[in-house]
**Q** 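Let me begin by handing over the structure; questions about it come next.
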4 protein chains.
Amino acid sequence: MKPELRREQILRAATSVFAAKGYHRASVSDIIAAAGVARGTFYLYFEGKREIFAELVDVLTVRLINCMKRVDLGPAAPPWPEQLRMNVLHIATILAEERELTQMLYNHALGLDEDFDRKIREFYQNLTNRVEGAFRLGQEMGLLRPELHTRLATYHVIGSVKEVIYHLAKGGDLDLTVEAMVNELLSYYNLGLLKSQPKPQTAKPPRKK
Amino acid sequence: MKPELRREQILRAATSVFAAKGYHRASVSDIIAAAGVARGTFYLYFEGKREIFAELVDVLTVRLINCMKRVDLGPAAPPWPEQLRMNVLHIATILAEERELTQMLYNHALGLDEDFDRKIREFYQNLTNRVEGAFRLGQEMGLLRPELHTRLATYHVIGSVKEVIYHLAKGGDLDLTVEAMVNELLSYYNLGLLKSQPKPQTAKPPRKK
Amino acid sequence: MKPELRREQILRAATSVFAAKGYHRASVSDIIAAAGVARGTFYLYFEGKREIFAELVDVLTVRLINCMKRVDLGPAAPPWPEQLRMNVLHIATILAEERELTQMLYNHALGLDEDFDRKIREFYQNLTNRVEGAFRLGQEMGLLRPELHTRLATYHVIGSVKEVIYHLAKGGDLDLTVEAMVNELLSYYNLGLLKSQPKPQTAKPPRKK
Amino acid sequence: MKPELRREQILRAATSVFAAKGYHRASVSDIIAAAGVARGTFYLYFEGKREIFAELVDVLTVRLINCMKRVDLGPAAPPWPEQLRMNVLHIATILAEERELTQMLYNHALGLDEDFDRKIREFYQNLTNRVEGAFRLGQEMGLLRPELHTRLATYHVIGSVKEVIYHLAKGGDLDLTVEAMVNELLSYYNLGLLKSQPKPQTAKPPRKK
DNA sequence: CATGAATGAGTGTTCATTCAT
DNA sequence: AATGAATGAACACTCATTCAT
């Protein structure tokens, strides 16, 4: 069999095993059983359990990082809020597509290895910095409340998206399309949850029109 | 040494070992080394590694559940938003006090045991139901936007609080008192992040009146 | 190395370790040292210490049960006493061949596990029932003394055979072939030990007179 | 409490624990729980688990050895067969009285310790020698068949008594008094099990013909 | 005399990884 | 490339024994 296919096959098997049992409870035996290959074959394509897990996480991470566009202030660029919305939408779309990888990440990404933990933290650091940067920009542009504690707001938004995505990936009780979900979520960020008292013109009433 | 003290000592050692290394990488050897007791002593006070971890989680869980008051609509009760704020404040205060336990929970609570995972999930289920109940109530009372997807809003708030608390517990980059943080966070839920355009009179400057 | 051979090798090592030290004092370390394999290898072939011991016992038990023929009364069958003799001879031959297994069984089979004890007891129950059945038959056929307490006589014979076989397996002080031993033993069952004096008709009064 | 009483109390507790669970599965914790004394107290009266077990075995052994009278050929002595019968009766009576100790001995006496095993073996050696001595004597006196293999006959009788006593001690399916049992058993040794037909002079050929 | 908290050597078992075929 | 038998360090846990109080 073609090497790349074999790799792919093992990778797929590993994904579902990790998603189902979590990193620690998953064993190499589980993975090779799921992939239908011999023990030795596994080590022919991957350095070990940690490494195949890391690769899966990396693949997802890279896809996420690539889809996040830096906010562009050029004259031809779409408006700032729309750029933010697109970013959230892209992230959510990817995570919703890769349900197994996402579950894997959420449930068991931490605690396997100091190196590994660091990598995860770096990803979040990166994410946090980008979002906070966008928020500072928004403040400067007069779009966001100036008294906002941008770091806190950043964690607020990241946590909110993480949790919602998690439940979406887990499947079950959220009967929404990804797009609808993102729109609704953004309305929370924009308007809050309170009943809209006669609210001004620009506030982006997400979908209703 | 008095049994309770010894228990306490081991419990404390376990807490920091679990917080530092996570459940799986922590070994009983680590815990007894940290506590400075012999192997057998550990098993004199606890049934095993899983059990001492469960006890730590339970202690925290019970404290959290106890501090969450059901929303009370009686005439003498404080207003609904204030009740919500107090709940969030209590939770945040406890978690901020128990930094190590909180880190432990955030980082490594899932994936050790099917029974155990279930317990954690039940805790969140419980929490989700309470919050969503409160939100439905808020909608009926005309305080929340009627088109709100209450389940999504629930995850939004829970995720947001979780993330913020996590960073608070981790220590580091949030230079706020717990109270200030809660107030600011609630302002996001209430008003959103956008700059308040000439906003109406009632927009709920949360409790102040 | 071929799996079956390795299995065989470990099984043999376990047999002599168990025979020499008994189940409880034998450790898995002893067995792997005797077999010259690594710890993990042992668990590759056997579920654990209890299981390998059970397998050894089972092998012997099955061989014994298979060699015991039900007494057959058909017209073409050999006479009843000859059938009994053959059964005892077969059992004794097997046990004498499997000296180590036999020692293992005699010395240390009880007390390891409730399940296990039950299995051993069931084997003896089975044996007891078969022998007693044969004795009842013998009584009906008028070959055995009618006043015989068949259950007691059964224990008498089983105990006698067990003890003799044990010493045969232990090696040492019985300078007889298995066949000679069985013949002599049967003469005890048949005629007793006393010098045949003109025998009285009613059996009972061994010492009186 | 009086030291001897305390000793007695622990000894009694140990007896029933050992009888119920066997030497290996019985723990010092079981014994002290049954005796209602503290851990340290146990070690005040006994050197350890092995030693208390050894003491119980010793007590029984001494009683047994004391009750076995050497066969006496003096003119005033009772006849040889009666002396044998009395010995068997005494042994059986003691073992039947001390049911728990007897069960303990039967089930788990071997395999704990090389020293210990040796002691048990010595007891049986002693017993074997005495019985064989009596049998040789019987042969010389013309009471026993001269062609008897005395060693084999000895094991035959010892095994038979052991097994029968074991079932008597275990309780359950032997509905006989000790005395009746001994009489019946001796009739087997004397006369065999066969229906007394006009017995031939030469004893041997049970199956031939 | 009595206590029971403390000990730690020893056990059975797991599983990621290696390597001869 | 592929196999799977073999490895052994690491682990959670037990329990007979000790000794300060």
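In what follows, chains carry the letters A, B, and so on, assigned in the order in which the sequence lines appear, proteins first and then strands, with residues in each chain numbered from 1.
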**Q** State the dot-bracket string of DNA chain E. Criteria: Watson-Crick or G-U wobble, both atom distances under 3.5 angstrom; notation: ( ) intrastrand, [ ] crossing earlier pairs, | interstrand, . unpaired.
**A** .||||||||||||||||||||
**Q** Round to the nearest Å and state the distance from A:Arg25 atom CZ to E:dC15 atom C1'.
**A**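 Interatomic distance, CZ of A:Arg25 to C1' of E:dC15: 16 Å.
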**Q** Looking at residues at least two apart in the chain, or sitting in another chain, which of them share a side chain to side chain donor-acceptor pair (under 3.5 Å) with C:Arg99?
**A** none
**Q** May I ask you to decide whether C:Arg63 forms a salt bridge with C:Glu98, counting only side-chain N to carboxylate O separations under 4.0 Å?
**A**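 C:Glu98 and C:Arg63: salt-bridged.
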**Q** Counting only side-chain N and O atoms of B:Arg7, is one of them less than 4.0 Å from OP1 or OP2 of E:dA5?
**A**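 Looking at the OP1 and OP2 atoms of E:dA5, neither is under 4.0 Å from any side-chain N or O of B:Arg7.
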**Q** Mind calculating the distance between CZ (C:Phe46) and P (E:dT14) to the nearest angstrom?
**A** 15 Å
**Q** In terms of the nearest nucleotide of DNA chain E, which residue is placed more toward the 5' end: C:Gly48 or D:Lys2?
**A** D:Lys2
**Q** Can you check the A:Glu51 CD to E:dT18 P distance for me, whole Å?
**A** 10 Å
**Q** Between D:Lys49 and B:Ser29, who's closer to the 5' end of DNA chain F by nearest nucleotide?
**A**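 Its nearest nucleotide being more 5', the pick is B:Ser29.
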**Q** Round to a whole Å and report the spacing from CD1 of B:Ile32 to P of E:dG8.
**A** 10 Å
**Q** Treating C:Thr41 as the side-chain partner and C:Val37 as the backbone partner, does any N or O pair qualify as donor plus acceptor under 3.5 Å?
**A** no
**Q** I need the CZ-C1' distance between B:Arg50 and F:dC11, as an integer number of Å.
**A** 17 Å
**Q** Taking all heavy atoms of B:Ala13 and all of B:Ile31, pick out the closest pair and write down the distance.
**A** CB-O, 3.9 Å
**Q** Send over the distance from B:Ile31 CD1 to F:dC11 P, rounded to a whole Å.
**A**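 My rounded result for the distance is 12 Å.
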**Q** Establish, for the pair A:Lys162 and A:Tyr124, whether the NZ or CZ atom is under 6.0 angstrom from the six-membered ring centre and no further than 45 degrees off its axis.
**A**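 Yes.
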**Q** Before giving the answer on side-chain hydrogen bond (donor to acceptor under 3.5 Å, both in side chains), spell out for D:Asp58 and D:Thr61 the whole-Å C-alpha distance, their side-chain angles and the decisive distance to 0.1 Å.
**A** CA-CA 5 Å; D:Asp58 278 349; D:Thr61 305; 4.8 Å; no
**Q** Among residues 34-45 of chain B, which residues get a heavy atom nearer than 4.0 Å to DNA chain F?
**A**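 Correct list: B:Arg39, B:Gly40, B:Tyr43.
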**Q** Tell me: CZ of C:Arg6 to C1' of F:dG4, nearest whole Å?
**A** 13 Å
**Q** Within 45 degrees of the axis of the six-membered ring of D:Phe18 and under 6.0 Å from its centre: does D:Lys49 put its NZ or CZ there?
**A**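 Checked: cation-pi criterion not met.
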**Q** Within this structure, what is the CG-to-P distance between B:Asp30 and F:dC11, rounded to whole angstrom?
**A** 8 Å
**Q** Start with the C-alpha gap between D:Arg6 and D:Gln9, add the side-chain angles, then the distance that decides, and say whether side-chain hydrogen bond (donor to acceptor under 3.5 Å, both in side chains) holds.
**A** CA-CA 5 Å; D:Arg6 181 108 306 169; D:Gln9 167 196 19; 3.1 Å; yes
**Q** With a 4.0 Å cut-off, would you call D:Glu55 and D:Arg7 a salt bridge?
**A** yes
